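The structure under discussion appears below in the form of structure tokens.
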Amino acid sequence: MTRGLLRLCRREALKPKPGNGSGENLEILSRRPVMGVRGLQGFVGSTCPHICTVVNFKELAEHHRSKHPGCTPTIVVDAMCCLRYWYTPESWICGGQWREYFSALRDFVKSFTAVGIRLIFFFDGMVEQDKRDEWVKRRLKNNREISRIFHYIKSHKEQPGRNMFFIPSGLAIFTRFALKSLGQETLCSLQEADYEVASYGLQNNCLGILGEDTDYLIYDTCPYFSISELCLDSLDTVMLCREKLCESLDISLADLPLLACLLGNDIIPEGMFESFRYKCLSSYTSVKENFDKKGNIILAVADHISKVLRLHQGEKKLEEMLPLGPNKALFYKGVASYLLPGQKSPWFFQKPKGLITLDKEVGSMSSDPESKQEVPMCTDPESKQGVPMCTDPESKQGVPLCIDPDSKQGIPMCTDPESKQGVPMCTDPESKQGVPKWTNPESKQGVPVCTDPESKQGVPVSTDPDSKQAVPMCIDPGSKEGFLLCTHPESKQGVPVCTHPEFKQGDPVCTHPESMQGDPVCTHPESKQGVPMYAYSEYRQGVPMRTYSESKQGVPMCTHTEFKQKSPLRADSEFKLETPICTNPGIKQEDLVNMEPEIKQQVTMVSDPEILKIARAHHVQAESYLVYNIMSSGEIECSNTLEDALDQALPSQAFVYRPVRQRVYSLLLGGGEDGASTCPTVKEWFVYSGNPLRHPDLVRPLQMNIPGGTPNLKLLWLNQDAGIQARRLDALLGCFDLSSSREELQAVENPFKALCCLLTYLFVQVDTLCLEDLHAFIAQALCLQGKPTVQLVDLQLDYIDARAVQLGSLLVRGLTTLVLVNSACGFPWRMSDFMPWNVFDGKLFHQKYLQSEKGCTVEALVEQNEIDSMSLTIGEDTPLPADCNDWRHDALWL
């Protein structure tokens, strides 16, 4: 097996090298500093230590169970904050000690599950545009740190101390899959992860949030616990109490978002209000001499909020009280970013209500600017403002008027008995009496309103052309159109009715909670309940739909002819057939539609909603990597990698794997066949030497070379016919441009198949790699299989080589690229086959690299691992081409 693996790598490396793409690679967070509000972490530790309370998770869980019987204590974990805490292996410079790291994660999970605590892990799924500048700032800072790391390695030939610790490449990506393999619920965010963490914690009555981000002190959500203070043996940690923080600062919980933005956070640059903060400090009369400068600034800004700004809260806009200038919109967005669903800020100026009650006294006359006539006025007892009046011709009494903004004319008003607010009226042509009126926002026309006896609320009315009677209506919030209502015989509630275009008959309708559009309803023969229907345009027939309670989305259903059970369907446009969902075997079918609601409507790179929904589901469930980002926004990022900026012999991983990504773009955005020519460009924010990150690289897709043509995504993702798995593998190899190596790769055993594919690509793409490098990569993978974790922990290195450090990171980035490609192609390979704890160990690779550089024998490299030494050597009698001057040419004749 190994002989064939090496022969394949060497043979492929002989092929003419394509022009290297000018690009980069994927995503990872390497070094994450304290996140959130500037200076707040230090302030809490030095100035307000009393807001920190030592707590025990086991005791908290027991209290939670007694207070909420039947509810499992749940902790929401901000995984990105915890990576540094979880990575406990001593060695971090060589590419990662993945077996040790996996064991550390397993111990972490066991400690909580042993006391009955459920964990929910959230990972960052994308970088929001408002935080791009902050992301760039941190990446450039990391570049400087990496430069110092390589300078230290070259000077001392050893790993720097923990004070220079840099998270191994790919840690965030592979942690998702490690946690899932440990049976943990792992989610990937659709926006900033801390917002989704705070929202989940609040809405699900969670025990608390575990992380290291001072933003969690600002969100009005469940308790916040520090991961850095966690003692795993005792489950003791520190709880940071936002109520005590407010008490110390003499502000309310609702003031915290305003304070955070004035101090600076990930949205508001720290320098934006620097002069304002110093003005607050200069007028602050309670400066504490024993506090540091930042601590006093926070106290001064909080004092200004409580003693100055609060005097005008609700009366003046923030821009009238603060020097917002051109940053007004950004500042408002920053404050709003802390408001969880259902929450409001008292600092957002509320415009006066347009509707006024009837209980008024006539106090003056006013000139109507349009008619130039005197108009009677009455005083609104609530607002104390004057309101125009007219005389009711029937009762001869004064009736308040409101001004129609379009016609500029006065409209009589009546008082809503429930809200006590004024409501416009129109005259009923039959009774000649005033009737409350609702204005259609589209047509700007008034529609009469009747009062629902159950809800006591007004309901728009339409006249039935046949019976000439008033019929209640409901308004579609999406189309703004009115639909007639019929009364459900069981619930006695109104049900919308739509008219079937073919039969001109009314069908009951239910409203889809996400799209706000009406879906026709049919009656289930067993339950007698209404079931939403899906209309197929080809057949003009309705098909029942299943609505998932989590996602609120409907999926067409078919009835299995044998079991009489309904199953969700996906439309296969290539075969014009409805086929059951085909997905990664590890994913439940329900997961495809069990998705969080969209935060906002956005223009996506892919127009097919079905394919986009599946990509989104895999993204949310942390089953894929970058696929949804490419298809939705066409923008991806990759953080720093341990690369020596001064050594130009090895290209950056960003450039090495760019051609692979370009082919993935063609697959995801091209729609199959000759899609690359019509694909849009993708924005890549990839960190590499010399890239100032002022703007993204615009990368064009690259045409794929796949036998039989490029398959479309519906074929790869939805079709489960025999032979489709082979098409998926063809697509994967096509992304690496290794279609011609299919048979040889198929002969390689797992888990080496994926590694062989990656190494073959690497040695074709990078001409500065040598035979000794290949020997080291192969030998460490083979030896890893028989080594227990404890033996890897005890492994000692003679010294650290800077080039080997970069090679280790290059290979791990390749493994993350495999995750991307495998996800995009419909999972032809098991993800476990290229998880690093199965195929790579940083220290072991470093050892093999140093041994190979010294010229160690094959037996020494593979540790007598039952491997034919000829698989790692080139025979002296091997016939060579006349022009051979490279080991790649030698390898051709093996």
Side-chain angles (χ1 to χ4, degrees), residues 28-32 79-80 82-110 146 149-150 152-153 157-179 181-182 232 639-643 653 751 755 758 776-816 818-819 832-851 863:
I28 177 61
L29 262 103
S30 51
R31 183 167 178 145
R32 186 172 177 128
M80 302 303 290
C82 299
L83 294 177
R84 294 169 64 87
Y85 172 87
W86 288 332
Y87 192 86
T88 56
E90 180 183 348
S91 173
W92 49 268
I93 198 72
C94 301
Q97 302 309 109
W98 296 96
R99 287 269 182 90
E100 293 179 61
Y101 180 64
F102 190 89
S103 296
L105 286 177
R106 183 168 51 223
D107 292 341
F108 178 86
V109 169
K110 281 183 177 179
I146 291 173
I149 289 172
F150 274 98
Y152 185 95
I153 293 172
K157 299 290 184 180
E158 65 181 15
Q159 174 180 281
R162 192 76 179 186
N163 63 313
M164 297 179 72
F165 172 74
F166 200 88
I167 287 179
S169 299
L171 194 70
I173 301 161
F174 292 120
T175 302
R176 304 177 196 173
F177 293 97
L179 290 170
S181 69
L182 291 170
L232 202 57
S639 188
N640 306 77
T641 304
L642 282 177
E643 296 174 336
Q653 61 85 22
L755 179 65
L758 179 59
F777 280 128
I778 295 294
Q780 70 85 28
L782 294 170
C783 295
L784 179 62
Q785 307 310 308
K787 288 188 180 294
T789 303
V790 64
Q791 190 174 347
L792 296 171
V793 173
D794 295 335
L795 186 64
Q796 298 297 317
L797 300 175
D798 294 337
Y799 63 94
I800 298 296
D801 182 273
R803 185 174 182 274
V805 168
Q806 186 163 342
L807 283 179
S809 295
L810 180 63
L811 184 81
V812 174
R813 285 297 192 190
L815 295 176
T816 63
L818 268 168
V819 176
S832 60
D833 287 344
F834 36 90
M835 291 298 108
W837 46 88
N838 290 328
V839 294
F840 180 78
D841 180 87
K843 279 199 301 183
L844 186 58
F845 165 72
H846 217 92
Q847 182 191 61
K848 300 304 175 187
Y849 177 88
L850 296 178
Q851 291 174 351
E863 302 174 8

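Bear in mind the structure is a predicted one, so any value in this text is a computation, not a measurement.
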Hey, what's the ring geometry for Trp837 with Phe102, parallel, tilted or perpendicular (30° and 60° as the breaks)? tilted
Going by the angle between their ring planes, with limits at 30° and 60°, are Phe845 and Phe840 parallel, tilted or perpendicular? tilted
Distance from [X] atom [atom1] to [Y] atom [atom2], nearest 0.5 Å?
| X | Y | atom1 | atom2 | value |
| --- | --- | --- | --- | --- |
| Ile778 | Cys783 | CD1 | SG | 11.0 Å |
| Tyr849 | Gln780 | OH | CD | 14.5 Å |
| Gln806 | Leu810 | CD | CG | 7.5 Å |
| Gln653 | Thr641 | CD | OG1 | 4.0 Å |

Thinking salt bridges, do Glu90 and Lys843 make one under a 4.0 Å N-O criterion? no
Below 4.0 angstrom, N of the basic side chain to O of the carboxylate: do Glu643 and Arg813 qualify? no
Tyr152 and Gln159: side chain to side chain donor-acceptor pair (under 3.5 Å), yes or no, with the steps? CA-CA 8 Å; Tyr152 185 95; Gln159 174 180 281; over 6 Å; no
If I compare all heavy atoms of [X] with all of [Y], which pair ends up nearest, and what's the gap?
| X | Y | result |
| --- | --- | --- |
| Ser832 | Asn838 | O-ND2, 2.7 Å |
| Ala172 | Met80 | CB-CE, 3.8 Å |
| Ser169 | Asn640 | OG-O, 4.3 Å |
| Arg84 | Arg162 | O-NH2, 3.8 Å |
| Leu850 | Asp801 | CD2-CB, 4.1 Å |
| Thr816 | Gly170 | CG2-CA, 4.0 Å |

Does the pair Leu755 and Phe834 meet the rule for a side-chain contact (heavy atoms from CB on, under 4.5 Å), with working shown? CA-CA 7 Å; Leu755 179 65; Phe834 36 90; over 6 Å; no
Within the 4.5 Å heavy-atom criterion, are [X] and [Y] side-chain neighbours or not?
| X | Y | value |
| --- | --- | --- |
| Val839 | Leu811 | no |
| Leu797 | Tyr799 | no |
| Phe108 | Ser103 | no |
| Arg99 | Pro788 | no |
| Glu100 | Thr88 | no |
| Cys94 | Leu844 | no |
| Val812 | Pro168 | no |
| Lys157 | Ile153 | no |

Between the side chains of Asp841 and Gln97, does any donor sit under 3.5 Å from an acceptor? yes
Leu815 vs Val819, test: side-chain contact (heavy atoms from CB on, under 4.5 Å). Steps then yes/no. CA-CA 7 Å; Leu815 295 176; Val819 176; 6.0 Å; no
Assess the residue pair Tyr101 and Thr175 against the criterion (side chain to side chain donor-acceptor pair (under 3.5 Å)); give the C-alpha distance rounded to whole Å, side-chain angles, the decisive distance to 0.1 Å, and a yes or no. CA-CA 9 Å; Tyr101 180 64; Thr175 302; 2.7 Å; yes
For side-chain contact (heavy atoms from CB on, under 4.5 Å), just list the numbers for Leu171 and Tyr87, CA-CA rounded to whole Å, side-chain angles, deciding distance to a tenth of an Å, and then say yes or no. CA-CA 9 Å; Leu171 194 70; Tyr87 192 86; 4.0 Å; yes
Trp92/Phe166 under ring pair (Phe, Tyr, Trp, His ring centres under 6.0 Å): CA gap, chis, key distance, verdict: CA-CA 7 Å; Trp92 49 268; Phe166 200 88; 7.8 Å; no
Short side-chain to backbone donor-acceptor contact, Gln785 and Ala781, under 3.5 Å: yes
If only atom types and distance count, is the side chain of His846 paired as donor or acceptor with the main-chain N or O of Ile800 below 3.5 Å? no
Ring centres of Trp98 and Phe174 under 6.0 Å apart? yes
For Leu179 and Arg176, what are the C-alpha separation, side-chain angles and deciding distance, and is it a side-chain contact (heavy atoms from CB on, under 4.5 Å)? CA-CA 5 Å; Leu179 290 170; Arg176 304 177 196 173; over 6 Å; no
